[in-house]
Number of protein chains: 2
Amino acid sequence: MPRPERDLREACLKEALAIIEHEGVERLSLRDVARRLGVSHQAPYRHFPSRDHILAEVVARAFEEFARHLDAHPKSSDPDRDMGLMGEAYLAYAAKHPLQYQLMFATPLPSTDTHPEMMAKARHAFDMLLSALRRKAAEQGRSLAEEAIVLDALFIWSGLHGLAMLRSSSAFDTLGLRGAAIENSTAHLLSRFGDALGH
Amino acid sequence: MPRPERDLREACLKEALAIIEHEGVERLSLRDVARRLGVSHQAPYRHFPSRDHILAEVVARAFEEFARHLDAHPKSSDPDRDMGLMGEAYLAYAAKHPLQYQLMFATPLPSTDTHPEMMAKARHAFDMLLSALRRKAAEQGRSLAEEAIVLDALFIWSGLHGLAMLRSSSAFDTLGLRGAAIENSTAHLLSRFGDALGH
DNA sequence: ACCTCCTAGTAGACAGTGTCAACACGACAA
DNA sequence: TTGTCGTGTTGACACTGTCTACTAGGAGGT
């Protein structure tokens, strides 16, 4: 029985993510993870109480990486342009890692209560959007009422999230949409955001 | 062994939907369906080749019911108002049947290829949106180019779908959003659609 | 040195699942 | 009557998550 990694816990998480990334989350099995790592089927249970706990941690890390990607998006001092760049970064990530995106937002985890730190990482990205909207509202001399800012943030997030989900599902194919429409959908969405919020 | 229904096939679909509706799709098991119907665990296999085939048919019917609901939305001769009503109907249905909505749009079915008739039913709803946008564009004297219409349809659908998904997930709770923001999100989204498309 | 405790891993079992194969029995056509 | 087909049954298999019991090895105290 070779010990393939110094830290089995870390190895489990890595292997689980690898499986999810090109088989999908529903194909993930702890026994398979153990098998690939050359350990007994119970070894992972020394480090995680249950399958859900592994999943929750993988999801948490996916959120961290997503947030890191959004943080690293090309910045602009113009709030308008900055929001556009952030939106592009958001959709680009979702398009590049569809299974990971679905893992974050479409995985039915009963563990949301027991793992509040998980989706709490998503809060960071939402705050970035809020502050961008505040800058924009200030520049336009519009109301800075928190309620209005939050509602606009939900409006934008809904659009981004919806497009990302529709893209990563097969909805567009079965609707028989042309490739051109799909490719232009990002630019169009962002430009419509501009129309809606002024400028 | 009592025969609870004349048609076992229909009974399976009904029971499967019932299970999904208040346990979630991942809890669905064919053996459980059989058990509840008082038949052997293999009986359903006489009517469906596999679990995925049952799921696909349940999803197809969910789409049918969803489309029926959208068809029955309160109409208005004003295209603007009509689109608003349709949006409200869309989000109301998603809010009322969150598990069914997730079943339709967030269930990973490898069977999309083998069951093209399934999501094809969704096409109908998309066509309703397209024609509403065409009426609106005609009224405003804007371009009727198919490409532009489709892009706007995607823009709107993305927003509706995104909000519906975010609502039916626990995202809003974990983000610590106030109830008021959530309740107003529908109205705000629809009014922003109006801003974006003019009027 | 010895004993104890803890950690990380193993092996075996159990109930649950989807699915395959073999069989049973009634209806109906030849 | 005989045979076939549709619809159901039973039994098995491999797979899953998870419970329990066991074991090897090291740290630390006495």
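Bear in mind the structure is a predicted one, so any value in this text is a computation, not a measurement. Chain letters run A, B, ... following the sequence lines, proteins first, then strands; residues in each count from 1.
Pairs engaging residues 175-184 of chain A under the side chain to side chain donor-acceptor pair (under 3.5 Å) rule: A:Asn184-B:Glu147 [sequence neighbours left out].
Put simply, the side chain of A:Ser77 does not reach to within 4.5 Å of the side chain of A:Asp82, judged on heavy atoms.
Rounded to an integer number of Å, the gap from A:Asp32 CG to D:dT16 P is 6 Å. Distance B:Glu23 CD to C:dG16 P: 15 Å, rounded to the nearest Å. Rounded to whole Å, the distance from CD on B:Glu26 to P on D:dT16 is 19 Å. Rounding to whole angstrom units, CD1 of residue B:Ile54 and C1' of C:dT17 are separated by 14 Å. The CG-P distance, from B:Leu55 to C:dT19, rounds to 11 Å in whole Å. Atom CZ of B:Arg35 is separated from atom P of D:dT10 by 14 Å (rounded to the nearest Å).
In this structure, A:Ser40 does not reach the C:dG9 phosphate: none of its side-chain N or O atoms is under 4.0 Å from OP1 or OP2. Taking only side-chain nitrogens and oxygens, A:Arg27 never comes nearer than 4.0 Å to OP1 or OP2 of D:dC15.
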| said: If you apply the rule side chain to side chain donor-acceptor pair (under 3.5 Å), what do you find for A:Ser191 with A:His188, and how did you get there? | reply: CA-CA 5 Å; A:Ser191 109; A:His188 187 78; 4.8 Å; no
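One finds the CZ atom of B:Arg123 at 6.5 Å from the CG atom of A:Leu177 (value rounded to the nearest 0.5 Å).
Side-chain contact check for A:Arg167 and A:Thr186: at least one donor-acceptor pair (N or O, by modelled atom type) lies under 3.5 Å.
With distances taken from any side-chain atom of A:Arg31 to the nucleotides C:dT17, C:dA13, D:dG8, the minimum falls on C:dA13.
Near DNA chain D, meaning a heavy atom under 4.0 Å from it, residues 43-51 of chain A has A:Tyr45, A:Ser50, A:Arg51 in order of number.
Cluster annotation: A:Leu99 is not connected to A:Ile54 through the hydrophobic network of ILVMFWY side chains, with a link wherever side-chain heavy atoms come within less than 4.5 Å.
For A:His41 against C:dG9, a side-chain-to-base donor-acceptor contact under 3.5 Å is absent.
Residues satisfying the salt bridge (charged side-chain N to carboxylate O under 4.0 Å, His left out) test with A:Arg134, not counting sequence neighbours, are A:Glu146.
Using a 4.0 Å heavy-atom criterion, one finds that A:Arg9 contacts no nucleic acid atom at all.
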